[in-house]
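Structure, as C-alpha cells:
Just so we're on the same page: letters track the sequence lines, and every chain starts at 1. Here the structure is a predicted model, which is why all the values come from computation and not from measurement.
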2 protein chains.
Amino acid sequence: MSTTTGVERKPLRADAQRNYDKIVETARAMFRERGADASLDEIAKRAGVGPGTLYRHFPTREALIDAVMRDWADRINADSDEAAASELPPREALSGWFSKFVENVGIYHGAAAKVMAAMDDPASPIYRKCQILVGANQKVLDSVRDKGALRDGVDAREVMRIVSGIATVVDQSGIGADDAEPMLAIVLDGILVDPSD
Amino acid sequence: MSTTTGVERKPLRADAQRNYDKIVETARAMFRERGADASLDEIAKRAGVGPGTLYRHFPTREALIDAVMRDWADRINADSDEAAASELPPREALSGWFSKFVENVGIYHGAAAKVMAAMDDPASPIYRKCQILVGANQKVLDSVRDKGALRDGVDAREVMRIVSGIATVVDQSGIGADDAEPMLAIVLDGILVDPSD
DNA sequence: ACCTGAACACCGTTCAAGT
DNA sequence: ACCTGAACACCGTTCAAGT
C-alpha cells in the first residue's frame, strides 16, 4: 500500500546519484541539529561537493527539504491509517493522530513553519506533502464522522491549517512538545460533538 | 487610561533623537511594503544614516520591530476594552476581538511569526507586547466567563498561542484575512460552553 | 552529463576615525 | 555623546572551465 511516495525520477549517472544521496544524507543530519535553515554552503562542504552541485540537484532550499522529508509522508500515512482504524474512542484516536503529527513535523526545527507556509502554495515543492497530509487527515476525520462524533461542516484542510499552526508555535517558541496538548484539546473540543468522548 | 505604553527612555541628544525617529519612520514604511524581514541596510540607507547608527539604537531587528509596533499595544488594549464591555452575545464579542487581532498583527508581513515566537521568550524585546496581548485577552475572556459562557479551564495564554498561530498561518500562506474566520470558529467552538451563543 | 570553485551581490555586524 | 563608513564574515547564486 505505501511504497515510497516519491515522484518518479529519471535515473542519474552513477557519480551524480552518489552526490545526490550524500547531499540528502548530510542535509538530514544538518537539519536535525541546526534546523531547516542551516547553511546550504556548509551542507555542500560537509557533503564534499561544490555549491554548484547542490544547486543543480536542489534549485531551492525547499526542494532539498522536500527530499529530506521523503520518508516523512510514509510515516504520516501510516499514522493516519492506524488512527482511522483505531478502536479507541474518537477523541483519543484524533488526539493521538494530532500529537504524532506535531511530533513528526517537529524533528526538524523550522520545518513546521515551512509546511504551514506551503499549505496553500501550489508552487512550493512541499505542497505535495501538504496534500498528502490533508488527505491523511481527511481519512481520520471521516472515520470519526462515521461514528457520529464529528460536528457538521468541519473541513480537513482548515483543521490541518490550525494544527500546523500549533505545531509551528510549539516549534518556534521554546516550549516543549507536551505543551501542544492543551492547545490541541481546544481544537478537539471545537470539532467534536461531545467533548467527553 | 491608555497613555503611550512605551517604556521610559532617557532623553537623547537632539540629533540622535532625530535619527531615531527617522529610522523608526522609515522602518515602518519598509516593513509595511516589504515585511518585517526587510533589509536593515536599506532602511539605514533610506533613513540617511550609517548602518552603525541603526545598530546603536536597535541592537537587534526585534528591537526595531518593537519600536515600530509601539502604538500597536494601544490598539490592542482599546480593542480588548471594547470587546470586554460589549453588549453583544459572547461569541460575537470574542469573534470580533480575535479577528481584529489577526488583522492588526497582519499589517506587517512576518510580524505574526515574530509575535508568536516571542510569546514564551522573555529575552525577546517583543515579549512585553506579548504580555500585554495575553493580559488583554484575559480581560476579554473574563468578561465572557462572567456571563457563564466560557468553558472551565480555558487559559488566556493557550488561547493566544493558538490565535497567533492562526494569524501566522494566514500571513505565511497566501490566503486572505477572511480565511481566518473558519479557523477562529473552531477555536470559538472549543472554548465556549454553547456554540450557538 | 556532471562537477568544481572562483566570482558576485547582498546582508548583518563591528569598529576606528571623526565631530 | 553620537555618527560615519570602511571592513569583515557569511550566505545564496551564477557560470566559465574542466572531466
Scan B:S39 against the nucleic acid and name what it touches under 4.0 Å (heavy atoms): base, sugar-phosphate only, or nothing.
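Answer is sugar-phosphate: B:S39 comes under 4.0 Å of backbone atoms only.
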Counting side-chain heavy atoms from C-beta on, which of [options] comes nearest to [X]?
| X | options | value |
| --- | --- | --- |
| B:D15 | D:dG12, C:dC2, D:dC3 | D:dC3 |
| B:T53 | C:dG5, D:dC3, C:dC3 | D:dC3 |
| A:L40 | D:dG12, C:dC3, D:dG5 | D:dG12 |
| A:P51 | D:dT14, C:dC3, D:dC2 | D:dT14 |

Would you say that more than 12 heavy atoms from the other residues, nucleotides or ligands in this model lie under 6.0 Å from the NZ of A:K45, or not?
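No, NZ of A:K45 has 12 or fewer neighbouring heavy atoms, counting only those of other groups under 6.0 Å.
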If pairing requires Watson-Crick or G-U wobble contacts with both distances under 3.5 Å, which nucleotide is the partner of C:dC2?
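Paired with D:dG18.
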For C:dA7, which nucleotide is its Watson-Crick or G-U wobble mate, given both distances must be under 3.5 Å?
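Partner of C:dA7: D:dT13.
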DNA chain D: 5'-proximal contact among A:R61 and B:V49 (nearest heavy atom):
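Going by which nucleotide is closer to the 5' end, it is B:V49.
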I want to confirm an ordering. Mapping B:R13 and B:D41 to their closest nucleotides on DNA chain C, which one lands closer to the 5' end?
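Here B:D41 is the residue nearer the 5' end.
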Below 4.5 Å, heavy atoms only, C-beta onward: do B:V159 and B:F98 meet side chain to side chain?
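Counting from C-beta outward, B:V159 and B:F98 do come under 4.5 Å.
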Give me the ring orientation class for A:Y20 and A:H57: parallel if the planes are under 30° apart, tilted from 30 to 60°, perpendicular past 60°.
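The rings of A:Y20 and A:H57 stand perpendicular, inter-plane angle above 60°.
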